[in-house]
Amino acid sequence: MMDLIQQAFFGILEPALIEEIEDVATVRFFNEGDIIIDFGQYIKVMPLLLEGAIKIIRQDEDEGELLLYYVEKGETCTMSIACCVGDKKSEIRAQAEMKTTVALVPNRYLDDWLAKYPSWRNFILASYSSRMDEMLGAIDNLAFMNMEERILNHLQDKVKLLDNRILTLTHQQIASELNTSRVVVSRILKSLENEEKILLLRNEIRVLI
DNA sequence: ACATTAAGTGATT
DNA sequence: AATCACTTAATGT
């Protein structure tokens, strides 16, 4: 079971560090839809993704939601690092997008390893940098794209993530993730279908392009 | 057969 | 693009 850590981080983190992670981390499993971290929670562990993917969601007081980005195998949630260091509440919700395995490292190791392992330092910096890029992507998405583009983009992201052109999800779920209404999603999906970019079935969308 | 949930649509703002 | 109100279709019990 511990070689999941090997498998996910081999080549990213140095062997000595991987061994140390194996010693101190707890491995946890989540099913699709499980909430891993919620708003307002204090984070005392940092998650390393071994298998699957989790989505990071921002939420407004009155139920408004917006998907920010996905965390995949071999990555960590940068927000949780910020929370660990600053002893702050979580600003986001992390929810399993599929069956997911996570290694949880108690935050007291975070500092030690920064000094001790160059590969850890690189890993943390690289993950800040790539998260920043994804955030910019999310902002561009909001600011410069219309709903049709946003929806198609979102569907294609999911296809890539799940490695499957057939998506099992409802219009309502898409609406929540993009913070719009179901009716709007339905109409746009219908028009995408007419353009032969997707195929619609109940609880299922096939992405053709 | 009935209730529930998902999706489609016209009209209005 | 959002909301309302309503219809239709699929699915679960």
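Keep in mind the model is a prediction, meaning the values are calculated, not measured. Scope of the values below: all heavy atoms of this structure, side chains included, with no hydrogens, waters or symmetry mates. Order of the sequence lines sets the chain letters (A, B, ...), proteins ahead of strands, with each chain counted from 1.
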Tell me which residues in residues 136-148 of chain A lie within less than 4.0 Å of DNA chain C, going by non-hydrogen atoms.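 Residues of residues 136-148 of chain A that come under 4.0 Å of DNA chain C are, in numerical order, A:Asn146, A:Met147.
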Taking protein heavy atoms under 4.0 Å as touching, what does nucleotides 1-13 of chain B look like 5' to 3' if B marks base contact, S marks sugar-phosphate-only contact and - marks none? ----BSBBBBB--
Taking the inter-plane angle between the rings of A:Trp113 and A:Tyr117 on a 0 to 90° scale, is it parallel (under 30°), tilted (30 to 60°) or perpendicular (over 60°)? perpendicular
Counting C-beta onward and ignoring hydrogens, is there a side-chain heavy-atom pair between [X] and [Y] closer than 4.5 Å?
{"X": "A:Leu67", "Y": "A:His154", "result": "yes"}
{"X": "A:Asn31", "Y": "A:Lys99", "result": "yes"}
{"X": "A:Leu66", "Y": "A:Leu142", "result": "yes"}

Pairwise distance NZ(A:Lys158) to CG(A:Asn153) - rounded to 0.5 angstrom: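 Nearest 0.5 Å value for the NZ-CG distance: 12.5 Å.
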Of all nucleotides in DNA chain C with an atom under 4.0 Å from a non-hydrogen atom of chain A, which is the first and which the last going 5' to 3'?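 Endpoints of the contacted stretch of DNA chain C: C:dA1 to C:dT11.
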Side chain to side chain donor-acceptor pair (under 3.5 Å) filter on A:Asp133, not counting sequence neighbours, yields none
Ignoring hydrogens and geometry, is there a side-chain-to-backbone donor-acceptor pair from A:Arg165 to A:Val159 under 3.5 Å? no
Tell me who clusters with A:Ile57, hydrophobic residues only, linked when side chains sit under 4.5 Å apart either directly or through other members. none
Can a donor-acceptor pair be found between the side chains of A:Tyr109 and A:Glu20 at a distance below 3.5 Å? no
Is there any side chain to side chain donor-acceptor pair (under 3.5 Å) pair reaching into residues 183-193 of chain A, and which pairs are they, with sequence neighbours excluded? A:His171-A:Ser186, A:Arg182-A:Ser186, A:Lys190-A:Glu193
